[in-house]
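Structure record follows, encoded as structure tokens.
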Amino acid sequence: MWRRRLSALLPRSPCSSSAPSSYQQKHRHILLPTPNEKPLAPSLLRLFTSQAGSDGGRPFIAFILGGPGSGKGTQCSRIASDFGFAHVSAGDLLRNEITSGTDQGELILEIIREGRIVPSEITVELVRKAIESTTAKRVLIDGFPRCEENRIAFEKITGTEPDLVVFFDCPEDLMVKRLLGRNQGRVDDNIETIKKRLKVFESLNMPVVNYYSSKGKAHKINATGSADEIFEAVRKLFSSLRL
Ligand SMILES: Nc1ncnc2c1ncn2[C@@H]1O[C@H](COP(=O)(O)OP(=O)(O)OP(=O)(O)O)[C@@H](O)[C@H]1O
Ligand SMILES: O=c1ccn([C@@H]2O[C@H](COP(=O)(O)O)[C@@H](O)[C@H]2O)c(=O)[nH]1
Ligand SMILES: [Mg+2]
């Protein structure tokens, strides 16, 4: 069952309207893990076969979504320290690929610079490996899935859905102000890229939020106050969970 081409798992409508990138064409051979070739690690079995929260089961998974600068990273750090979650930032995983100079680093840098979405076959693998390698019982996935294609690929490959989705709702002008003041040297924190990221957020990220809302999994949090005020709402939500 695992011996399926990743491209076969991806839906027809991709995360961008453009034709497959040269990277996608070059790496069409990428295969999913197969039990015939190599037994799944116990942690991977745990992720794919069990229910969150049960003994030996996969970790509780929360997707943390919101526009660029809505405060996902800031709130995730707090949730991680107060509620014992591992914090997996998809953006950080991708940036690590750039700084460690992997084969795919150059392509990722080009895409991030343009505010576009990295192909699912790259990001899903990085996120899957990060979840697999944590021993935490609760995991925050910050900034992923970025589009319906990401979501569908993640759910098919891991055979699991998130237990919770948090959506930080923030007006564009505030997100722009925060991003321009972030000052962390990110290649995408400039007004040209920010405008593109906002468009991508509306057209491709929001359908994911809407999908989980329709399934009753998404919790919207007003992300306009101070970080402390927002965390009060976050704390309420996480305190209400039976973790
Ligand atoms: N409630 C807040 N009020 C004011 N500034 C904030 C607030 N939350 C976060 N910030 C600041 O705004 C900037 C963006 O926040 P953060 O990095 O958490 O956003 P993000 O949603 O993770 O963005 P991205 O998607 O670009 O990674 C940071 O400089 C952060 O310190
Ligand atoms: O799942 C993902 C996550 C991120 N990206 C790309 O990275 C940048 C920055 O991500 P942040 O979460 O804001 O740190 C984002 O604009 C995308 O270009 C991605 O493609 N897929
Ligand atoms: Mg972030």
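Position 1 is the first residue of the sequence; numbering continues from there. Counting starts at 1 for both ligands and their atoms, in listed order.
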What do we get for R197 next to ligand 1 when only non-hydrogen atoms under 4.0 Å count, side chain, backbone, both or neither? side chain
Work out whether the distance between some heavy atom of S70 and some atom of ligand 1 is less than 4.0 Å. yes
Which option wins on minimum heavy-atom distance to atom 27 (O) of ligand 1: R186, K72, Q184? R186
For atom 19 (O) of ligand 1, closest protein heavy-atom neighbour: G71 N, 3.3 Å
For ligand 1, is any non-hydrogen atom under 4.0 Å from E229's backbone (N, CA, C, O), its side chain (CB onward), both, or neither? neither
Consider every N or O of A223 and every N or O of ligand 1, then say whether any pair is closer than 3.5 Å. no
Are any of the N/O atoms in I230 less than 3.5 Å from those in ligand 1? no
Could you name the protein residues that come within less than 4.0 Å of ligand 2, counting only heavy atoms, and order them by chain and residue number? A90, G91, L94, R95, I112, R116, I117, V118, T123, G143, F144, R146, R186, D188, R197
Does an N or O from R146, backbone or side chain, lie closer than 3.5 Å to an N or O of ligand 1? no
Which pairs, with at least one residue in residues 61-84 and sequence neighbours excluded, count as a salt bridge (charged side-chain N to carboxylate O under 4.0 Å, His left out)? R78-D228, D82-R235
L179 to ligand 1: N or O pair under 3.5 Å? no
Just jot down the ligand 1 atoms closer than 4.0 angstrom to any heavy atom of P68, in number order. 25 (O)
Do any N/O atoms on D142 end up under 3.5 angstrom from N/O atoms on ligand 1? no
Assess the pair F63 and F154: is the distance between their ring centroids shorter than 6.0 Å? yes
Ligand 1-proximal atoms of S226, by part, heavy-atom distance under 4.0 Å: backbone
Heavy atom to atom 12 (O) of ligand 1, shortest distance: which of R95, R178, M175, K177 holds it? R178
If you measure every N/O of G181 against every N/O of ligand 1, is any gap under 3.5 Å? no
Ion pair R58/D163, N-O distance below 4.0 Å: yes
